[in-house]
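Shown next, in C-alpha cells, is the structure this report addresses.
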Amino acid sequence: MAVTVREVAPPPPPKPPAEPPHEDRRPEGPPPPRVATRVGIWLFVGAVTLFFLALTSALLARAEGLDWVRIPFPRILWGSTAAILSSSFALEQARRALGKGDGKRFRGRLQLAALLGGGFLAAQFTAWRELSHHGLSLANSPHTAYFYLLTGAHAAHLLGGLAWFGALVRRARRGQVDPERIADFAVYWHFLAGLWVYLFAVLFL
Amino acid sequence: MAAATELHVPEAHRESFWTRYVFSQDHKVIGIQYLLTSFVMLLIGGALAMAMRVNLAWPQSGILQADQYLAAVSMHGTLMVFFVLTPALLGGFANFLVPLKIGARDMAFPFINMLSYWVFLLSALVLLASFFAPGGPLNSGWTAYPPLSALPQAAPGSGLGQSLWLVSIAIFCVSSLLGSLNYITTILVMRTPGMRLGRLPLTVWGIFLAAILALLTFPVLMAAGILLLFDRHAGTSFFIPAGLVVGGEVIRHTGGNPLLWQHLFWFFGHPEVYIVILPPMGIVSDVIANFARKPIFGYPAMVGSMVAITVLSFLVWGHHMFVSGMHPLLGTGFAITTLLIGTPSAVKTFNWLVTLWRGKLYFSTAMLFALGFISTFVAGGLTGIFLGNAAVDIPLHDTFFVVGHFHLVMGVAALFGIFAGTYFWFPKMFGRMMDERLGRVHFWLSILGVYGTFFPMYYLGLAGMHRRIFNYQAFPYLAKLQPVQVFITLSAFLIFLGGLVFAYNLFTSLANGPRADRNPWRATTLEWFADSPPPHGNWHGDAPRVYRGPYEYSVPGAREDYLPQWLSPVEAGVEAEH
C-alpha cells in the first residue's frame, strides 16, 4: 500500500515484544486446551439447571396446595417468548454467516440477536409492571411469589449473558471474531432460551 | 543441581509479594490459603464444641445461656461442615493436589480459581460477623429448619444472625461452584500424556466425584436459601405454614410447607457428607499404599465403589426425614437405597484391609491417621445401618446416637483424612518435614479422645438423651446420665489438646522443620516428581509423562520397591505396562 508517512523523525526501533500477561502465570507451560472453556460452560449450565430444577420442584409441590390461586396471564409474555426464541435463531444465522465468511451479515445478525435479548428483558419488565399494576406483589399469593422469583432469577442469568453478548458484539465490530468464542456463548444463550420455555410451561400450563 | 534449576526460572516469575502469596493464581498457593483458613475455622468450631461440652458436663457452671448454647450448636455445625471439612478438602487438597497429580501446570481457569478462594473468605467473614449481630448467631442448627429459621421473632438468633447465615451460605455456594467447575474441567482436559482415567490416583478420583456432587447439589441449597430469604424479608410463604402462633401473636403467613425446606436441604445435605468423605477415601488410599509398600488392592473396585457411592448419594436424602410423616412406602424406598450404600463402603473398607495385609507397614503419623480413618469410618458407619432402617431410626432420631454416628463416620473420619493428608503432603507444600514425634502425640490424643467422646454417645442416645438440649437436668431420667457427660467432656478436651499440639507442630515445622527432599516418602505419584515446594508452573522443563498406574509398590523384578508413574520403562528397567 502506498501510504505516505509524514514523519520527520525515523520511527522508534521496535520494542521487544512484551510478555503477554498470562505468560507469567503459566511459566513454560502450554495454555489449557481450547475445549476447557466449553467444558466449563457446560458444567455451569448443569449447575444452573439444578438451581432451577430445585425452584420449580418447590413450585410443583406447592401448586397442589389449597391456597394456590392462578394469576392473570400477562399477554406480553408471548412477546418475550417470541423475542428470546428469535434471538437464539438470529444467533444461529449469524454463526452460519460466519461459517460462510459473510462478515457483514454475521455482524448484522449478531447485533439483531443481542437486541432481541434486550427486548426480552424489556418485555419481562413490562410483565412485572403489569402484575404490580393489578396489585399483585411478591407476598400476595404463592403463584405471584413463584412468578416473580423464577422470572427474576432467569432475568438475572440473562443479564449476565447480555453483558457477555455485549463484549462479543464489541469485539465483532472491531473485527476480532473467534468462531469458538461465539460457539461457547451460543451454548449458554440457547440454554437460557430453553430455560425460559421450560419456566413458561411450569408457571402457566 | 540447585544452580541448574535457578537458570530455568524466567524473569517473568519474579512476582510481587501480593501477587505471589495473596492474590495468587497459583493453584498451590490457593490450596494452602484454603487449608490454613480451614484450620483457623477448625479452631473456632472446636472452641465452640468445648464450650458446649462444659455446659453439658456441668450445667450449673452457667458458661452458656440457653440461646447461646443453641447458637454454639448451630455455629459449630456450620463451621465444621461448610468452613472446615468442605474447604479443606474441596479447596485445600483439591487445589494443591489435582494439577500436581495429573501432570498439569495449573488449573484450567486460574483466575476463577483465585476468585473462588476470595468469595469463600467473604462468606466466612459474613458468617463470623453474625457473632456480633444483635441476638447473636442463628439458633436453628446447621440445618436451619423453618419455621424457627424463617420467622425473625422465633428465637434470639432468628433475626440478623439467621439472615447473615443465609447470605453467607449463598456466597459459599457461589465459591463452591467456581471451585468444583475448575476441578472437574482440569481433571477432564488437563491430564498429561499417559495419564488415563484408569491411572488416576484415588485422591484425584475422590476429588473428581466430590466436585461433581458439589456442582450439582450446592445450587439446590442456594435455591432453598433464596426461598428462605424471601420468606424472611419479602413476605412470601414458601416454608411458613398457616396458623402459627409465635409469642402469642398469630403469624400472617399461610400455606407454606416447612417440609419443603427439609427436602431441598437434604437433597444437598446428604451428598454433602459424601463431598467430605470421598476425598479422604482417596487420601487414605494413597497414604496406605505408600506406607504398606503395596499396590491398592482392587483399584477398579475402589473406583467403582466411589462411583456407586456418588450415584446412590443422590437417592438417600429422605432418611433424614423418617419422622416427618412421609408415606411408609417412600420411607422404605429411602431405607433400601441407604442400606445399599453400605455395600460400596464395605468394598472400600475390605480393600484397605487387604492392602494392609502382609504389607511392610511403617507407622508414620500420616499412616496412623489413615488407619484412624478406617477405624472411625467403620465404628461410625456400622451404626448407619441401624439408622438407615426407618423403624429403628424413629426412636433414635435426634438423639445423641445420631450425634455419635455422624461425628465418627463423617466428622472425625474426614478430619483424620485431612490430618493424614497434611502430614503426608506437608513436605511437598512447604519443603520441610513435620515433627513425627509431636505428630504421634497428636494422633494418640485424638484417637483416644475421639472414642472417649463419641462412643458413649451411642449409649446416651439409646438412653434417650436428646441432641441440642440445653438443660437435660430438667428430666430426671436424663439427669442421672451426668457422669457420662463428664466423661465425654474430659475426652473431648483430649481431642482439643491434640489439636493444639498439631497447631504447634504446624507452625514450628514451617519455621524450623528439617528440609524435605523431592520424594521423602518414596512415593509413586507425579507430585513427588516436582521440587519441594514445587515452583510456579510445577515442573522445570517438560511436564512429566505417565507410564503406569499410581500404586506400583514392590513390583517384582524392579530395582527399587516402588516404580514412580513418571519413570519410563527404560529408566525403570521393567516391561512397559500395556
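Every chain is numbered from 1, with letters handed out A, B, ... down the list of sequences.
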- Note on the structure: When the 4.5 angstrom heavy-atom criterion is applied to B/Ala543 and chain A, the contacting part is neither
- Query: Out of B/Ile212, B/Leu227, B/Asp231, which one racks up the most heavy-atom pairs below 4.5 Å with chain A?
  - Reply: B/Leu227
- Message: Report which part of B/Leu216 has an atom under 4.5 Å of a heavy atom belonging to chain A: side chain, backbone, both, or neither.
- Response: both
- Reported CD-to-CG distance for the pair A/Glu64 and B/Asn257, which is rounded to 0.5 angstrom: 10.5 Å
- Task: Check whether any side-chain heavy atom of B/Thr217 lies under 4.5 Å from a side-chain heavy atom of A/Leu50, and answer yes or no.
- Result: no
- Item | B/Tyr145 OH: over 12 foreign heavy atoms closer than 6.0 Å | yes
- Within 6.0 angstrom of A/Arg181 CZ, more than 12 heavy atoms from elsewhere: no
- Evaluation steps, side-chain contact (heavy atoms from CB on, under 4.5 Å), between B/Val220 and A/Phe51: CA-CA 5 Å; B/Val220 176; A/Phe51 176 76; over 6 Å; no
- Task: Tell me, yes or no, whether the heavy-atom count around A/Trp164 atom CH2, taken from other residues, nucleotides or ligands under 6.0 Å, exceeds 12.
- Result: yes
- Around atom CZ of A/Arg34, are there more than 12 heavy atoms of other residues, nucleotides or ligands at under 6.0 Å? yes
- The interface call for B/Phe218 against chain A, heavy-atom contacts under 4.5 Å, is neither
- Query: Relative to chain B, which of A/Leu138, A/Val35, A/Val39, A/Leu53 shows the most heavy atom pairs under 4.5 Å?
  - Reply: A/Leu138
- Message: side-chain contact (heavy atoms from CB on, under 4.5 Å), that's the test. Do A/Tyr148 and B/Thr236 meet it? Break it down for me.
- Response: CA-CA 11 Å; A/Tyr148 284 115; B/Thr236 56; over 6 Å; no
- Query: Just wondering, more than 12 heavy atoms not from A/Trp78 lying within 6.0 Å of its CH2?
  - Reply: no
- Toward chain B, the part of A/Ala61 with a non-hydrogen atom under 4.5 Å: side chain
- Which heavy atom in B/Val189 sits nearest to a heavy atom in A/Pro33, and how many Å separate them? O-CG, 3.4 Å
- Task: Against chain B, work out which of A/Ala58, A/Ser141, A/Ala153 has the most heavy-atom pairs shorter than 4.5 Å and name it.
- Result: A/Ala58
- When the 4.5 angstrom heavy-atom criterion is applied to B/Phe111 and chain A, the contacting part is neither
- A/Ala54 and B/Ala223 have their tightest heavy-atom pair at CB-CB, 3.7 Å
- Message: Using 0.5 Å steps for rounding, measure from the CG atom of B/Leu215 to the CG atom of A/Leu43.
- Response: 5.5 Å
- More than 12 non-hydrogen atoms from neighbouring residues, nucleotides or ligands closer than 6.0 Å to CZ on A/Phe73, yes or no? yes
- Looking only at heavy atoms, which two atoms of B/Phe109 and A/Ala36 are closest? And how far apart? CZ-O, 3.2 Å
- Query: For B/Leu260, does its backbone N or O pair with a side-chain atom of A/Arg62 as donor and acceptor, under 3.5 Å?
  - Reply: no
- Message: For B/Ile112, which atoms come within 4.5 Å of any heavy atom of chain A: side chain, backbone, both, or neither?
- Response: neither
- Query: Quick one: what part of A/Leu149 sits under 4.5 Å from any heavy atom of chain B, side chain, backbone, both or neither?
  - Reply: side chain
